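First up is the structure itself, then whatever we jot down about it.
Indexing begins at 1, ligand by ligand and atom by atom, following the structure's order. Computed from a prediction, not measured in an experiment: that's the story for all the values here.
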Amino acid sequence: MIRGKFITLEGGEGVGKTTNMKYVQQLLENTGRSVVVTREPGGTGMAEKIRDILLDRQSEGMTPVTELLLMFAARSQHIVHVIEPALQRGQWVLCDRFTDATFAYQGGGRGMDVETIAWLEQCVQGELRPDLTLLLDAPVATGMGRAQRRGDFDRFEQEQVEFFERVRQVYLQRARLNQRRFKIIDAAQSLDCVQKNIAEAIAVLS
Ligand code: Z5A
């Protein structure tokens with residue numbers, strides 16, 4: 001059995017990850033792939049409960065350490081019960097956010113130590129890394145403007161512009177350091193242009 005590929009969508013708030021997940025799924029299925037679509041934090045019953053705690057505005061006193069550990073606790077469940085079995089069955093896994101988000105949000109946003117995050121990454125994931133990461137990148141104001149039209153903010157969406165600027169810079173820095181894995185998509189463009197760029201990136205992989 002040929003192992004499947006692991007594709008992640010990343011980016012700041014409101015850049016269009018959710019909008020484009022279906023499109024990427026369709027592209028892959030059109031080439032005959034069996035695709036498992038999932039998200040982080042979440043993707044299993046227990047991990048979705050952890051997601052609820054992480055996003056709940058009532059969890060206001062949550063410390064950055066708790067937040068970081070909960071992200072990796074959810075990820076451990078997700079990898080063992082969903083991601084790894086699917087890849088071993090030869091399915092392709094398409095995930096809305098993964099560990100790059102932890103480096104960006106907990107590292108960049110909250111200022112947690114990068115080496116600690118890298119250590120947790122190794123403990124929880126072993127050698128597992130995405131084969132392709134589509135980084136949807138747009139100015140923070142563009143993404144926040146789109147997300148705000150939706151109303152109803154979760155615990156992360158209450159953060160200030162400076163927080164999301166740091167998140168964006170860490171994403172871009174990681175993309176520069178891992179050019180073979182990352183494809184940066186200009187998400188400020190029209191949806192048609194964004195999807196054309198996504199299709200080109202996916203074509204290289206398949
Ligand atoms: N988090 C973390 O801190 N650490 C971690 O390790 C992980 C996650 C894994 C939940 O993520 C939170 O978890 C997240 C980071 C944290 N918090 N934040 N912020 P999430 O992925 O569930 O939530 P999100 O990032 O806030 O997603 P979002 O706001 O739903 O953004 P999106 O999915 O990228 O955007 P969208 O819903 O597809 O699009 C937003 C609107 O823009 C919508 O009306 C679209 O129709 C519109 N749109 C999309 N593309 C375009 C274009 N090209 N032009 C015009 N309009 C567009």
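Comparing Gln195, Glu67, Met71 by heavy-atom distance to atom 1 (N) of ligand 1, the nearest is Met71. When the heavy-atom distances from atom 41 (C) of ligand 1 to His78, Arg146, Met144 are ranked, the shortest goes to Arg146.
Within the structure, the closest approach of Arg51 to ligand 1 falls below 4.0 Å when heavy atoms are considered. Distances from ligand 1 to the non-hydrogen atoms of Val167 include no value under 4.0 Å. Remark: distances from the non-hydrogen atoms of Pro41 to ligand 1 include one below 4.0 Å.
Listed by number with element, the atoms of ligand 1 under 4.0 Å from a non-hydrogen atom of Glu40 are 9 (C). With ligand atoms numbered from 1 in the order given, ligand 1 contributes 4 (N), 5 (C), 6 (O), 7 (C), 9 (C) to contacts under 4.0 Å with heavy atoms of Ala101. With ligand atoms numbered from 1 in the order given, ligand 1 contributes 52 (C), 53 (N), 54 (N) to contacts under 4.0 Å with heavy atoms of Gln189. Shown in contact with Leu55 at under 4.0 Å from a heavy atom are these atoms of ligand 1, numbered in order with element: 10 (C), 12 (C). Atoms of ligand 1 found under 4.0 Å from any heavy atom of Ser190 (numbered from 1 in listed order, with element): 53 (N). Every atom of ligand 1 is numbered from 1 in the order shown, and the set under 4.0 Å from a heavy atom of Thr102 is 5 (C), 6 (O). Counting atoms of ligand 1 from 1 in the listed order, those under 4.0 Å from a heavy atom of Glu13 are 19 (N), 26 (O), 29 (O). For ligand 1, the atoms closer than 4.0 angstrom to any heavy atom of Thr19 are 36 (P), 38 (O), 39 (O), 45 (C), 49 (C).
Taking distance alone, with nitrogen or oxygen atoms compared against 3.5 Å, Val15 approaches ligand 1 more closely than that limit. For ligand 1, the polar-atom distance check against Gly14 finds a nitrogen or oxygen pair separated by under 3.5 Å. Annotation: Asp154 places no N or O atom under 3.5 Å from an N or O atom of ligand 1; distance criterion only. At under 3.5 Å, a nitrogen or oxygen of Arg75, whether backbone or side chain, sits near a nitrogen or oxygen of ligand 1.
For atom 28 (P) of ligand 1, the nearest protein heavy atom (residue, atom name, distance) is Arg150 NH1, 3.5 Å. Looking only at protein heavy atoms, the nearest one to atom 26 (O) of ligand 1 is Glu157 OE2, 3.1 Å. From the protein, the heavy atom lying nearest to atom 33 (O) of ligand 1 is Thr18 OG1, 2.5 Å. Among all non-hydrogen protein atoms, the one lying nearest atom 35 (O) of ligand 1 is Gly16 N, 3.2 Å. Residue, atom and distance of the protein heavy atom nearest to atom 18 (N) of ligand 1 are Phe156 CB, 3.6 Å. Distance from atom 25 (O) of ligand 1 to its nearest protein heavy atom, with residue and atom name: Arg97 NH2, 2.3 Å.
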Working for side chain to side chain contact (heavy atoms under 4.5 Å, CB included), residues Leu94 and Leu9: CA-CA 8 Å; Leu94 174 59; Leu9 255 74; 3.9 Å; yes
Residue pair Tyr171, Phe103: steps toward the side chain to side chain contact (heavy atoms under 4.5 Å, CB included) verdict: CA-CA 8 Å; Tyr171 269 132; Phe103 282 97; over 6 Å; no
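Side-chain N/O atoms of Thr99 and Thr102 include no donor and acceptor closer than 3.5 Å. Glu84 and Gln88 share a side-chain donor-acceptor pair at under 3.5 Å.
The ring-ring contact (aromatic ring centres under 6.0 Å, His included) analysis of residues 20-60, with sequence neighbours excluded, yields no pairs. The salt bridge (Lys or Arg N to Asp or Glu O under 4.0 Å) pairs that include a residue from residues 102-112 are Glu67-Arg110, Arg110-Glu159, where partners are two or more places apart or lie in different chains.
Classification of Arg33 and Glu29 as a salt-bridged pair fails, no side-chain N sitting under 4.0 Å from a carboxylate O. Look at Glu40 and Arg75 and you find a salt bridge, because one of the NZ, NE, NH1 or NH2 atoms lies within 4.0 Å of a carboxylate O, short of that distance.
For the pair Arg97 (side chain) and Gly11 (backbone), a donor-acceptor distance under 3.5 Å is present. Side-chain atoms of Lys17 come within 3.5 Å of backbone atoms of Gly12 as a donor-acceptor pair (strictly under, hydrogens ignored). A donor-acceptor pair is defined here as one N or O able to donate and one able to accept, closer than 3.5 Å; no such pair exists between the side chain of Asn178 and the backbone of Arg181.
Interatomic distance, CE of Met1 versus CD of Gln91, reported as 9.0 Å (0.5 Å rounding).
Each of Ile50, Ile83, Val124 was scored for a side-chain contact (heavy atoms from CB on, under 4.5 Å) with His78, with one residue passing: Ile83.
For Arg129 and Phe6, the positive end is not near the middle of the six-membered ring at less than 6.0 Å and at most 45° from its axis.
Under the 4.0 angstrom criterion, atom 4 (N) of ligand 1 counts as having a protein heavy-atom contact.
Asp131 is not listed as a side-chain neighbour of Trp92, based on a closest heavy-atom distance of 4.5 Å or more.
Counting heavy atoms under 4.0 Å from ligand 1, residue Lys17 touches it through both backbone and side chain.
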